[in-house]
Novice: 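Here it is, the structure, as structure tokens.
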Number of protein chains: 2
Amino acid sequence: MSDSQPELPDRAQLMLRSLIDRYVRDGQPVGSRTLARDLGLDLSPATIRNVMSDLEELGFISSPHTSAGRVPTVQGYRFFVDTLLKVQPLDSRSIEQIRLELSLDQSPKDLVESASGLLSGITQMTGVVTLPSHEHALFKRVEFLPLSENRVLAILVTGEDEVQNRMLRTEKLHSPAELQQASNYLNAMFAGKDLAEVRATLLHEMQETRSSMNSMMMTAMQMADQVLELNKDEDFVMAGQTNLMEFQELCDFDKLRKLFDAFNQKRDILHLLDQCVHSDGIQIFIGEESGYKMLDECSMVTAPYSVNGEVMGVLGVIGPTRMAYERVIPIVDATARLLGAALNHKE
Amino acid sequence: MSDSQPELPDRAQLMLRSLIDRYVRDGQPVGSRTLARDLGLDLSPATIRNVMSDLEELGFISSPHTSAGRVPTVQGYRFFVDTLLKVQPLDSRSIEQIRLELSLDQSPKDLVESASGLLSGITQMTGVVTLPSHEHALFKRVEFLPLSENRVLAILVTGEDEVQNRMLRTEKLHSPAELQQASNYLNAMFAGKDLAEVRATLLHEMQETRSSMNSMMMTAMQMADQVLELNKDEDFVMAGQTNLMEFQELCDFDKLRKLFDAFNQKRDILHLLDQCVHSDGIQIFIGEESGYKMLDECSMVTAPYSVNGEVMGVLGVIGPTRMAYERVIPIVDATARLLGAALNHKE
DNA sequence: TTTAGCACTCCGGGAGGAAGAGTGCCAGCC
DNA sequence: GGCTGGCACTCTTCCTCCCGGAGTGCTAAA
């Protein structure tokens with residue numbers, strides 16, 4: 001499949017390109033006459049029809065019914081995106097707009113909100129941004145505060161003063177002094193280390209040196225383990241869901257409902273975004289490619305964003321399959337870079 | 001107006017009631033024949049028509065067009081809700097379901113999520129619950145953690161171990177010992193007091209005794225003030241927005257979009273909910289009564305929920321004007337009580 | 001290889017008509 | 001005076017039919 005059409009004639013490529021352009025703009029099936037005009041070459045509709053027929057044979061376009069022009073198929077979009085598309089960099093004005101918006105003094109959480117707002121605002125589709133992962137943040141310190149009964153509040157400070165708290169339930173009551181000792185011990189041991197590494201060390205230590213640990217160390221270890229355990233919960237932020245209601249191809253209450261439900265559920269979307277974390281660079285799911293029915297008529301363009309070379313999360317845009325990929329891709333790309341940069345200034 | 005029809009004949013009331021019942025069930029304009037059958041009395045459609053004509057005159061019902069039966073107006077619903085409705089308590093099975101769901105060990109935030117989920121699940125409409133106000137929580141203790149530069153992390157523990165943190169920026173660097181001193185001072189001074197009261201005392205002290213304070217006290221006061229300052233942000237949680245897509249009367253993309261946008265915006269909804277905080281008991285906005293265009297075809301049934309007699313927030317249901325008020329009201333009512341109770345167990 | 005011509009197909013919209021639902025009003029009945 | 005049957009009228013909804021437009025595929029010729 002991958003190399004059975006390495007030599008799709010230039011003219012056919014040009015036509016596919018032109019057809020997609022046109023279809024993206026109008027949302028109407030494109031006929032041979034229209035295409036002939038758009039193309040600018042001096043070809044008659046009849047000629048165009050022949051080539052279109054070839055393109056249909058190859059599965060790049062299809063017609064909704066006998067007399068209705070052609071529409072790109074998923075494979076058509078795929079070919080277009082993979083080999084026809086030349087992504088031009090985003091114009092500097094838009095870049096400045098994004099940079100400006102993200103340069104305001106904001107917490108990481110707010111930055112992420114801004115980014116998704118920007119994505120949806122600029123593209124008029126739905127923006128989505130995962131919260132930055134803490135997995136590889138640096139352990140700075142941990143403090144334990146005794147609460148009532150056998151509950152302890154753990155405060156974990158990471159990286160450049162990101163704070164998380166966890167409520168722990170301990171088996172026995174600990175005095176403030178004990179807790180202080182435990183945190184001192186942990187802080188001395190782990191300060192400046194990568195959280196994932198801390199966790200690994202922790203597990204290892206608890207297995208290997210269990211017998212030789214005194215009870216304070218043991219307590220400290222167990223509590224630290226509890227603190228880090230919950231550290232993997234992922235989440236994302238969305239904006240502009242309702243923008244999707246403006247696209248006729250999605251104007252079906254049933255489909256739309258399934259889509260919105262999936263947005264609220266978060267699970268499936270999260271799973272999809274997860275798949276994009278490790279594809280360094282732009283990742284695109286077109287229509288059914290995502291594997292989720294509710295996204296059958298949608299595409300998703302994503303890019304990971306990173307700080308200091310470490311991937312922190314993913315952001316992207318969800319819209320109808322018929323979207324202006326060459327416009328969306330640079331937007332997503334730029335936003336990812338600029339969000340990374342903005343987060344870096346924080347850290 | 002209010003007493004020009006104190007004496008709407010019983011039969012007319014019965015008919016209005018019956019008509020609304022029917023309309024709520026079917027969503028179709030109700031004709032005289034149908035109503036005659038529903039009513040059970042031995043009256044001919046012609047008689048019914050006469051009374052309907054009166055009800056129309058009074059503004060309680062109206063007909064979409066000449067030959068289409070009648071539909072309740074907002075005033076019709078209002079009259080129904082205010083004087084015709086007898087709210088029967090919720091059946092014990094549903095109550096148990098709610099109680100059970102809310103009795104799981106959850107944080108207040110999770111409880112609120114559960115409550116809105118329950119509201120939307122049971123009613124098949126949209127559930128909304130404000131987060132419990134912290135304004136009158138009890139001050140338990142505060143801790144300050146020095147971070148880098150001149151930033152300090154303040155941890156405020158209230159009530160029964162609710163934790164909030166705030167990042168403070170202080171003018172000068174404080175040593176850990178100073179911070180410890182400050183928190184000791186504040187904890188000794190305010191433990192067990194109401195947050196609002198703490199705030200008031202704080203402001204008062206800072207004005208009155210400024211000159212006689214030593215710098216440590218001053219610092220402590222200022223930081224405490226900063227901590228409490230941000231304590232008023234309100235927010236709510238929604239569930240089941242998409243349920244509204246199942247109602248034909250809302251199946252207009254434009255209206256639906258405006259509605260969903262308002263849900264995401266939060267501002268207007270929050271404002272509406274705010275109005276319901278102090279109406280002790282069920283509050284109902286029918287159609288345009290809310291004053292917001294996007295809710296013109298919707299109604300909202302709310303009830304405040306409280307802990308120990310102190311109102312903590314509001315919850316409610318948003319659905320089409322044509323909703324089964326006598327079913328929804330007890331659900332909202334019961335959920336409010338049970339949420340209050342569940343939060344009380346926490347506190 | 002390209003093109004003009006032609007027959008064919010299918011969608012969309014408008015016209016027309018029939019059926020159904022409901023109304024208002026009137027005249028008669030209890 | 002209230003209730004009822006009857007009747008004419010209105011308005012929506014749905015179906016069908018039909019036509020025009022758009023676009024196709026095929027063929028034959030340049």
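Chain letters run A, B, ... following the sequence lines, proteins first and then strands; every chain starts at 1. Keep in mind that what you see is a predicted model, and the values were worked out from it rather than measured. Keep in mind that the numbers below use all heavy atoms, side chains included, and drop hydrogens, waters and symmetry copies.
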Novice: Given side-chain contact (heavy atoms from CB on, under 4.5 Å), test Asn243(B) with Arg257(A) step by step and report yes or no.
Specialist: CA-CA 8 Å; Asn243(B) 283 342; Arg257(A) 167 151 200 192; 2.7 Å; yes
Novice: With no hydrogens and no angle check, do the side chains of Tyr325(A) and Ser299(A) hold a donor and an acceptor under 3.5 Å apart?
Specialist: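 Indeed, the side chains of Tyr325(A) and Ser299(A) share at least one donor-acceptor pair under 3.5 Å.
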Novice: Take Phe260(B) and Met245(B), measure what side-chain contact (heavy atoms from CB on, under 4.5 Å) needs, and give me the verdict at the end.
Specialist: CA-CA 10 Å; Phe260(B) 284 177; Met245(B) 295 173 71; 4.1 Å; yes
Novice: To the nearest 0.5 angstrom, please state how far the CD atom of Glu246(B) sits from the CD atom of Gln124(B).
Specialist: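 Answer rounded to 0.5 Å: 8.5 Å.
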Novice: For residues Glu297(B) and Lys255(B), determine if any side-chain heavy atom of one lies less than 4.5 Å from a side-chain heavy atom of the other.
Specialist: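 Result yes, sub-4.5 Å side-chain heavy-atom pair found.
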Novice: Counting C-beta onward and ignoring hydrogens, is there a side-chain heavy-atom pair between Met238(B) and Ile318(B) closer than 4.5 Å?
Specialist: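 A side-chain contact under 4.5 Å exists here.
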Novice: For DNA chain C, which residues of residues 17-24 of chain B approach it to below 4.0 angstrom with any heavy atom?
Specialist: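 When residues 17-24 of chain B is checked for heavy atoms under 4.0 Å from DNA chain C, there are no hits whatsoever.
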Novice: With a 4.5 Å heavy-atom cut-off, do Pro72(B) and Val24(B) have their side chains touching?
Specialist: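 Of all side-chain heavy-atom pairs linking Val24(B) with Pro72(B), none is under 4.5 Å.
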Novice: Heavy-atom distance under 4.5 Å between the side chains of Leu272(A) and Leu295(A), does that happen here?
Specialist: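 Contact flag for Leu272(A)/Leu295(A) side chains = yes.
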Novice: To the nearest 10°, let me know how far the axis at one end of the helix from dT1(C)-dA30(D) to dC30(C)-dG1(D) is tilted from the axis at the other, five pairs an end.
Specialist: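 That helix has its two terminal axes inclined by roughly 20°.
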Novice: If the condition is side chain to side chain contact (heavy atoms under 4.5 Å, CB included), which residues does Ala239(A) pass it with, not counting sequence neighbours?
Specialist: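 Expected list: Ser116(A), Ser120(A).
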Novice: Give every residue pair that meets the ring pair (Phe, Tyr, Trp, His ring centres under 6.0 Å) criterion with at least one member in residues 20-39 of chain B, sequence neighbours excluded.
Specialist: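 For residues 20-39 of chain B: none.
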Novice: Which nucleotide of DNA chain C is the first, and which the last, in the 5' to 3' direction, to come under 4.0 Å of a heavy atom belonging to chain A?
Specialist: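 For DNA chain C, the relevant span reads dT2(C) to dC11(C).
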Novice: For the residue pair Phe80(A) and Glu326(A), establish whether any side-chain heavy-atom pair is separated by less than 4.5 Å.
Specialist: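 Side chain of Phe80(A) against side chain of Glu326(A), heavy atoms only: contact under 4.5 Å found.
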Novice: With sequence neighbours left out, write down each residue that passes side chain to side chain contact (heavy atoms under 4.5 Å, CB included) with Asn50(A), or none if nothing qualifies.
Specialist: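 If we apply the side chain to side chain contact (heavy atoms under 4.5 Å, CB included) test to Asn50(A), skipping adjacent residues, there are no hits.
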Novice: Of the residues in residues 28-43 of chain A, which ones touch DNA chain C at a heavy-atom distance under 4.0 Å?
Specialist: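 Heavy-atom contacts with DNA chain C come from Asp42(A), Leu43(A).
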Novice: Among all residues two or more places apart in sequence or in another chain, which pass the side-chain hydrogen bond (donor to acceptor under 3.5 Å, both in side chains) test with Thr302(A)?
Specialist: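 With neighbours one apart ignored, the set is empty.
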Novice: Within the side chain of Thr73(A), is there an N or O that forms a donor-acceptor pair under 3.5 Å with the backbone of Gly59(A)?
Specialist: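 Yes, Thr73(A) side chain to Gly59(A) backbone: donor-acceptor pair under 3.5 Å.
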Novice: Please round to the nearest 0.5 Å and tell me the distance separating atom CD of Gln75(A) and atom CD1 of Ile286(A).
Specialist: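 Between atom CD of Gln75(A) and atom CD1 of Ile286(A) there are 10.5 Å.
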Novice: Checking Gln97(A) now: which residues fulfil side chain to side chain contact (heavy atoms under 4.5 Å, CB included) with it, not counting sequence neighbours?
Specialist: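 With sequence neighbours excluded, Gln97(A) shows a side chain to side chain contact (heavy atoms under 4.5 Å, CB included) to Leu118(A), Ile122(A), given in chain and number order.
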Novice: If the condition is side-chain hydrogen bond (donor to acceptor under 3.5 Å, both in side chains), which residues does Arg78(B) pass it with, not counting sequence neighbours?
Specialist: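 If we apply the side-chain hydrogen bond (donor to acceptor under 3.5 Å, both in side chains) test to Arg78(B), skipping adjacent residues, the hits are Asp82(B), Glu289(B).
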Novice: Short of 4.0 Å, heavy atom to strand atom, which residues of residues 61-69 of chain B count as contacting DNA chain D?
Specialist: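 DNA chain D contact set from residues 61-69 of chain B: His65(B), Thr66(B), Ser67(B).
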Novice: Could you run down nucleotides 25-30 of chain D 5' to 3' and tag each one B, S or - for protein heavy-atom contact under 4.0 Å?
Specialist: BB----
